[in-house]
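Report on one structure; see the data block that follows.
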Amino acid sequence: MDYRKARQEIVEKNKGIRDKRTTLEEAVGMIKDKDHVAVGGLQYTRTPMGVLWEIIRQKKKEITFYKPLMSFEGDWLFVSGAMGKAVTSWFSGGVTWGVSKIMRTFAERDPDTFEEWSLLGLSLRFKAGAMGIPCIPTKTMLGSDLEKIRGLKRFTCPYSGEEMLLIPAVNPDVAIIHSQIADKYGNAQIFGPPCLDIETAKAASKVILTTEQIVDNEHIRDAPNSTNIPFFCVDAVVELPFGCYPHECYGRYEPAYEKLGEYGQGLLKAEDKIGFVREYLDKYFYQPADFEEYLELFGVRSLLETTRRGRIWPQ
Amino acid sequence: MDYRKARQEIVEKNKGIRDKRTTLEEAVGMIKDKDHVAVGGLQYTRTPMGVLWEIIRQKKKEITFYKPLMSFEGDWLFVSGAMGKAVTSWFSGGVTWGVSKIMRTFAERDPDTFEEWSLLGLSLRFKAGAMGIPCIPTKTMLGSDLEKIRGLKRFTCPYSGEEMLLIPAVNPDVAIIHSQIADKYGNAQIFGPPCLDIETAKAASKVILTTEQIVDNEHIRDAPNSTNIPFFCVDAVVELPFGCYPHECYGRYEPAYEKLGEYGQGLLKAEDKIGFVREYLDKYFYQPADFEEYLELFGVRSLLETTRRGRIWPQ
Amino acid sequence: MSNYNPAELTVIMGSRALQDGQLVFAGAGLPLLSAIHAQKMHAPSLSILFEVGGVAPRITSLPRSTNEARSVRRSVATPATIDMMLYLQRGFVDVGFLGGAQIDRHGNINSSCIGTLEKPKVRLPGSGGANDIASSANRVFIISYHEKRRFVEKVDFLTSPGFLEGGQAREKTGLMGGGVEKVITNLGILEFDKKTRSMTLTAVHPGITEDEVREKTGFELLVAEDLKTTTPPSDEELHSLRALDPEKRYLKAGDF
Amino acid sequence: MSNYNPAELTVIMGSRALQDGQLVFAGAGLPLLSAIHAQKMHAPSLSILFEVGGVAPRITSLPRSTNEARSVRRSVATPATIDMMLYLQRGFVDVGFLGGAQIDRHGNINSSCIGTLEKPKVRLPGSGGANDIASSANRVFIISYHEKRRFVEKVDFLTSPGFLEGGQAREKTGLMGGGVEKVITNLGILEFDKKTRSMTLTAVHPGITEDEVREKTGFELLVAEDLKTTTPPSDEELHSLRALDPEKRYLKAGDF
């Protein structure tokens with residue numbers, strides 16, 4: 001999005017401290033076809049899966065998704081038609097299940113569907129967007145083919161004479177983020193690595209926040225140092241326990257490795273890869289009446305087992 | 001410090017996770033005359049007063065001090081001869097005691113002793129230094145006389161065509177920081193606003209950390225989200241309760257307003273301002289045998305009263 | 001004889017200028033009182049931000065400075081100072097309050113020095129965050145005691161940009177914040193002509209004359225054709241305000 | 001017949017290359033095993049960093065990926081990903097381990113595609129943080145299985161910079177990280193000629209011949225005049241290593 005437009009959207013935003021609780025369905029209604037959407041978390045960690053799930057169900061089209069590292073969720077977004085382009089530093093099935101065959105199908109047919117940046121390069125795009133500047137200098141990617149294919153501009157620092165690259169800011173239309181806790185105003189507290197979520201929340205025009213648990217505002221005020229994302233960045237708050245499933249939420253539950261493995265192994269074996277993903281989408285995304293019915297497909301045993309492995313604090 | 005030299009000092013640093021506890025005297029021994037020293041906290045908040053106190057006692061000379069907002073400690077640094085230049089956005093006695101007459105004496109005689117930046121401008125100097133880049137674009141200070149007197153370069157963003165200023169990075173020789181808790185390796189946890197301490201810690205070649213309380217490393221690992229400064233930035237750790245006195249430490253004690261007032265009012269009334277400060281330095285800085293004897297000058301009643309007003313958590 | 005003093009009047013005018021839902025940078029003293037008063041009167045979802053690192057704190061006891069722990073108590077977040085200041089650059093801060101030793105006809109502010117910086121007559125404390133607020137807040141309200149030596153033709157040093165030389169100068173330099181929208185003084189309200197960006201008296205407070213304002217202004221004062229008179233503070237407004245500063249630390253009679 | 005397999009040998013060579021007091025970026029698998037092994041054997045104050053946001057975690061159970069919560073357990077800090085990556089740019093990261101689908105004679109790495117990016121034969125997962133490590137780590141160790149299709153004359157796509165075209169090309173482009181210091185394979189150790197920055201075999205592992213390495217390298221291999229033979233893994237090293245991966249998830253026989 002254009003730098004001035006991106007700022008103007010923030011200028012015009014209502015920044016009142018007000019109740020923003022809503023349903024997953026209504027929150028995702030804020031996202032339009034062809035929007036640019038930044039996805040929180042990293043690889044399997046704190047993926048806002050509930051929002052992605054609802055995006056697919058609402059049959060959104062040709063969205064440009066940004067994610068630091070992309071995993072199986074990229075397969076689902078591609079095959080459903082929700083994703084027109086993946087902007088990421090890495091797109092695979094996961095270390096254990098090898099290169100995503102779905103990514104290969106799409107990106108080998110149309111290389112523009114997978115826009116590659118280095119992880120720091122992509123991070124700096126959000127950082128610049130969050131800081132309200134249109135670009136930022138860096139040493140990363142200098143001299144590589146990534147510099148060339150991204151068409152990055154060189155820059156000589158007038159103070160030091162250093163040769164640098166300039167990374168253009170990105171200001172997505174929407175950032176989608178999942179936190180362990182938040183209050184109804186959208187003050188979000190993330191535990192474990194915040195990944196790029198703080199940067200994307202500030203860079204985006206709108207933020208949809210799902211959270212394991214909505215807590216009282218006084219609880220937030222008891223520990224304000226733990227608030228990573230303040231209410232005025234956030235536009236919708238949805239309480240969504242196990243909202244990253246089958247991915248993980250730090251301190252709460254680990255990834256459902258067996259369930260991811262079923263998908264990963266199934267895809268490896270399937271002859272018709274796209275067909276396999278379509279069936280998976282039908283079963284896990286389109287059929288369930290709601291998110292809890294989706295969780296039922298994984299089952300109580302899986303939820304308890306991943307919780308047992310993942311939990312850190314007495315709850 | 002030159003950009004490449006600043007990086008090289010970090011490259012060559014021993015980053016081992018090792019016991020760095022030492023005395024205030026030895027820690028301050030790391031600072032040399034004419035060094036560039038960044039001071040943590042802001043105005044009265046989390047000032048690393050113990051380190052400043054020891055710098056003055058060790059008769060360091062012509063140091064360039066950086067502080068986001070400078071208060072009475074600037075008077076003491078000027079008159080003692082420790083400070084050759086103050087780099088700050090604001091230098092005053094405090095809202096209640098008016099413009100610092102000592103600052104006026106020095107800056108009106110030699111304007112170069114007070115180098116003024118806007119608060120964001122100065123913050124961005126540290127941010128760039130912390131990020132390992134030689135400069136960073138901003139909109140702040142555009143068109144002002146601050147732009148002119150700082151000799152800042154304009155820059156047109158090649159992606160957006162936006163007119164920007166470029167802020168040069170700063171990499172101080174030493175950053176001095178006070179935290180509520182830290183472990184012996186230097187993993188520091190700051191509560192309340194971290195001010196610019198995280199940026200300065202990463203930007204500086206060396207970090208001297210004083211802390212209200214050294215805690216076990218396991219306590220740090222219990223809440224790693226609260227660690228603002230990791231051990232590998234830090235070179236010396238000194239446990240120094242009431243280390244900000246008569247300034248405040250968030251959650252522990254408020255400023256000793258009465259004691260600051262004695263100084264502030266005394267300075268306002270004194271005919272020989274410099275002489276007044278010399279006497280103050282003699283009594284509070286040079287005479288005490290150690291930091292605890294310095295605290296004795298404020299007295300138990302003051303320590304208890306400021307603690308009563310400032311404490312937040314059950315301790 | 002009115003039942004309020006100039007400080008009380010000015011704070012209430014500041015309070016009225018604020019809208020619900022806004023994010024406001026308000027320093028200690030009159031600006032902070034305006035913001036808290038607005039929250040109590042008509043803007044319950046307005047939030048206050050402090051440079052040091054406080055978001056929507058609960059202010060139960062007026063701080064001496066907004067950079068102290070006391071001022072950020074019960075905040076919903078305590079970000080780093082740079083992150084607070086970057087909210088300005090990103091467009092999050094709807095209103096910033098400023099004052100200064102000198103204010104000129106185009107709303108430029110001096111808080112750095114009287115005389116030249118090379119040979120200052122008086123070296124002042126400097127910008128702090130004022131330049132950043134003036135550069136990037138979505139709008140700025142100047143709150144000031146109205147006196148000739150303060151409202152000058154041209155500031156000795158341009159610490160914080162208003163409309164620079166006037167006209168389109170501010171936009172041309174690349175600044176994106178909205179600039180000064182209102183100057184609120186103990187005599188009246190001044191705004192800026194759309195074209196020339198010169199300070200224009202648009203309202204006087206009850207009992208104040210145009211001439212009185214002119215006399216206390218150090219440059220040729222423009223006056224709006226439809227010069228208004230502000231509605232005097234209501235009893236409810238005054239009552240609510242006085243409860244915020246029972247010791248009259250800021251709401252003293254006389255100048256401020 | 002040796003009492004260790006190629007994976008075990010390579011990890012131990014990686015471990016030996018690390019020094020006490022270093023900060024190391026080590027991805028899942030062999031690099032992470034090298035780093036943990038070094039901590040146990042000779043580098044107790046060495047610390048591991050993970051891109052996702054882990055500083056000096058305690059690794060009690062080998063993670064499948066270093067981007068999971070499990071990998072950052074009991075860290076001393078859990079910074080944002082960008083802050084982890086910026087430690088590289090600032091010079092804090094002493095060693096980064098990398099691997100890749102293709103590695104050329106100047107240590108450049110391809111992890112983006114086989115063929116051209118416009119018409120890829122195989123689209124690969126991409127850089128992740130590899131480019132950033134290659135750009136800015138103080139030194140890079142490449143750990144790789146040694147095979148002809150991997151050690152190529154020229155990478156199809158230059159994802160992560162080694163010495164670019166060789167000579168002073170890397171320095172001239174403005175990069176500040178040290179570049180690739182060692183390539184550690186199951187056959188030997190390769191370093192870079194000071195002048196041409198071409199990959200040079202400096203040591204072979206016990207039982208491996210120069211010819212064998214040449215045969216499995218897709219470019220003209222340079223060989224050091226004083227070609228050394230590495231000291232075989234000691235029983236203590238092997239014992240310590242095997243305890244780290246009792247299920248042999250990474251320390252399997254065969255390639256890796």
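For the numbers below, each heavy atom of this structure counts, side chains included, while hydrogens, waters and symmetry mates do not. Every chain is numbered from 1, with letters handed out A, B, ... down the list of sequences.
For chain D, no part of A:R46 is nearby; none of its heavy atoms comes within less than 4.5 Å. Interface remark: A:F114 contributes backbone and side-chain atoms alike to the contact with chain D (heavy atom separation under 4.5 Å). Using a 4.5 Å cut-off between heavy atoms, A:E199 contacts chain D through its side chain alone, with no backbone atom that close. In this structure, no portion of D:R249 lies under 4.5 Å from any heavy atom of chain A. Looking at D:S112, the atoms closer than 4.5 Å to chain A (heavy atoms on both sides) sit in the backbone and in the side chain alike. Only the side chain of A:I149 comes within less than 4.5 Å of a heavy atom in chain D; its backbone stays farther off. Contact of D:V122 with chain A is made through backbone and side chain together, with heavy-atom distances under 4.5 Å. With a 4.5 angstrom heavy-atom cutoff, A:M103 touches chain D only via side-chain atoms. Interface residue D:S135: only side-chain heavy atoms are found under 4.5 Å from chain A. Heavy-atom distances place both the backbone and the side chain of A:T138 under 4.5 Å from chain D. For D:K172, no part lies near chain A; criterion is any non-hydrogen pair under 4.5 Å.
A:D110 CG to D:E118 CD: the interatomic distance, rounded to the nearest 0.5 Å, is 12.0 Å. How far NZ of A:K127 is from CE of D:M85: 14.5 Å, rounded to the nearest 0.5 Å. The OG atom of A:S123 lies 9.0 Å from the CD atom of D:E51; values are rounded to the nearest 0.5 Å. The CD1 atom of D:I109 lies 12.0 Å from the OG atom of A:S144; values are rounded to the nearest 0.5 Å. One finds the OG atom of D:S127 at 12.0 Å from the CG atom of A:D145 (value rounded to the nearest 0.5 Å).
Top candidate by heavy-atom pairs under 4.5 Å with chain A, chosen from D:G128, D:A169, D:G54, D:A80, is D:G128. If you tally non-hydrogen atom pairs under 4.5 Å between each of D:P79, D:G115, D:C113 and chain A, the highest count goes to D:P79. The most heavy-atom pairs under 4.5 Å with chain A, out of D:T159, D:L164, D:T173, D:L158, come from D:L158. When the candidates D:R70, D:M84, D:M176 are compared by the number of heavy-atom contacts under 4.5 Å with chain A, D:R70 comes out ahead. The choice from A:E147, A:K139, A:H247 that makes the most heavy-atom pairs within less than 4.5 Å of chain D is A:K139. Interface summary for chain A: among D:S75, D:P125, D:S160, D:G177, the most heavy-atom pairs under 4.5 angstrom belong to D:P125. Of the listed residues A:V99, A:L124, A:L146, the one with more heavy-atom pairs under 4.5 angstrom with chain D than any other is A:L146.
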Chi angles and distances behind the salt bridge (charged side-chain N to carboxylate O under 4.0 Å, His left out) call for D:R64, A:E254 | CA-CA 12 Å; D:R64 286 173 212 231; A:E254 280 203 345; over 6 Å; no
Do A:T140 and D:Q89 pass the side-chain hydrogen bond (donor to acceptor under 3.5 Å, both in side chains) test, and can you show the C-alpha distance, the side-chain angles, and the key distance before you say yes or no?
-> CA-CA 8 Å; A:T140 218; D:Q89 191 163 266; 5.5 Å; no
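Looking at A:F126 and D:I82, their side chains never come closer than 4.5 Å, going by heavy atoms from C-beta outward. D:V52 has its side chain within reach of A:C195: a pair of non-hydrogen atoms, C-beta onward, lies under 4.5 Å apart. Taking 4.5 Å as the limit, every side-chain heavy atom of D:R74 sits out of range of all side-chain heavy atoms of A:I312.
The two residues D:G53 and A:P193 have their closest heavy-atom pair at O-CG, 3.3 Å. When every heavy atom of A:W90 is checked against every heavy atom of D:G126, the shortest pair comes out as CD1-O, 3.6 Å.
Annotation: residues 258-265 of chain A contacts chain D through no residue [non-hydrogen atoms, separation under 4.5 Å].
A donor-acceptor pair is defined here as one N or O able to donate and one able to accept, closer than 3.5 Å; such a pair exists between the side chain of A:E108 and the backbone of D:R123. A:T45 places a side-chain N or O within 3.5 Å of a backbone atom of D:N67 that can act as its donor or acceptor partner. Remark: the backbone N or O of A:L119 is paired with a side-chain donor or acceptor of D:D132 at under 3.5 angstrom. Judged by distance alone, with hydrogens and angles left aside, the side-chain atoms of A:E248 form no donor-acceptor pair with the main-chain N or O of D:E68 at under 3.5 Å.
Atom NZ of D:K154 sits in a sparse spot, with 12 or fewer heavy atoms from other residues, nucleotides or ligands closer than 6.0 Å.
Partner of A:L120 under the side-chain contact (heavy atoms from CB on, under 4.5 Å) criterion, chosen from D:N131, D:T81, D:L86, D:L88: D:L86.
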